[in-house]
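For reference, the structure discussed in these notes is given below.
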Amino acid sequence: MAAATYSGSCHCGAVAFTVEVDPEQALKCNCSICSKLGAVWAFAPKSKFSLTSGAAQQGDYLFNKKELHHRFCTRCGIESYAEGAGPDGTPMVGINLRCLESVDVAKLSPRFYDGRSK
Ligand SMILES: [Zn+2]
């Protein structure tokens with residue numbers, strides 16, 4: 001598997017997007033939000049991300065350093081992606097791989113990221 005274009009959405013489908021991402025770069029994090037959310041992430045430049053519906057349906061949750069915008073659907077509550085910046089300042093999106101169609105998260109081997117210690 002390599003980077004390819006995937007469609008993703010929240011549970012109810014109000015928030016939908018396409019993104020070019022490599023699911024093999026999967027990552028699990030133990031920070032306070034990821035441990036509760038249970039998300040499996042992969043990251044892509046925001047330029048590879050396109051929100052196709054739901055701009056007005058989204059909430060924006062910020063905590064701690066308030067650098068990551070956790071985007072969730074205000075109808076069904078699912079966080080399908082988050083927005084922030086990479087170490088070099090490039091706008092990035094973190095994709096909750098569980099929200100992508102045609103990606104079986106059970107078949108991935110996510111790396112562990114110790115976000116709790118950051
Ligand atoms: Zn929804």
Side-chain angles (χ1 to χ4, degrees):
M1 213 183 293
T5 301
Y6 294 90
S7 299
S9 65
C10 64
H11 184 261
C12 74
V15 174
F17 57 86
T18 59
V19 63
E20 190 180 323
V21 69
D22 182 1
E24 293 284 299
Q25 301 299 314
L27 178 150
K28 272 183 179 171
C29 173
N30 65 351
C31 81
S32 59
I33 193 166
C34 290
S35 56
K36 292 195 174 186
L37 190 60
V40 177
W41 301 104
F43 298 90
K46 197 178 176 191
S47 58
K48 306 280 189 188
F49 176 87
S50 172
L51 190 68
T52 51
S53 78
Q57 190 75 47
Q58 296 186 103
D60 181 8
Y61 178 61
L62 292 144
F63 71 103
N64 194 9
K65 293 177 190 164
K66 300 196 165 37
E67 290 169 347
L68 262 178
H69 294 260
H70 294 269
R71 298 295 199 172
F72 61 95
C73 173
T74 56
R75 181 154 62 183
C76 70
I78 297 297
E79 178 175 334
S80 49
Y81 70 99
E83 296 180 76
D88 64 354
T90 305
M92 299 289 289
V93 286
I95 302 298
N96 183 351
L97 294 176
R98 296 188 185 279
C99 293
L100 296 186
E101 292 164 22
S102 71
V103 171
D104 185 352
V105 169
K107 294 203 171 93
L108 300 173
S109 304
R111 284 178 300 126
F112 172 71
Y113 179 76
D114 187 11
R116 187 165 294 256
S117 303
K118 302 293 174 196

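Position 1 is the first residue of the sequence; numbering continues from there. In listed order, ligands and their atoms are each counted from 1.
Distance check: Q58 CD to H70 NE2 gives 13.5 Å after rounding to the nearest 0.5 Å.
Think of F112 as one node in a network of Ile, Leu, Val, Met, Phe, Trp and Tyr side chains linked at under 4.5 Å; it has no links at all.
Each protein N, O or S atom less than 2.8 Å from the Zn ion (ligand 1) was counted, giving 4.
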Side chain to side chain contact (heavy atoms under 4.5 Å, CB included) evaluation trace for L100 with V21: CA-CA 10 Å; L100 296 186; V21 69; 4.1 Å; yes
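Annotation: ring pair (Phe, Tyr, Trp, His ring centres under 6.0 Å) contacts of F72 (sequence neighbours excluded): none.
For residues 12-41, every residue pair satisfying the ring-ring contact (aromatic ring centres under 6.0 Å, His included) rule, not counting sequence neighbours, is listed here: F17-F49, F17-Y81.
Considering I95, V93, D22, L27 in turn, L27 is the only one that fulfils the side chain to side chain contact (heavy atoms under 4.5 Å, CB included) rule with F43.
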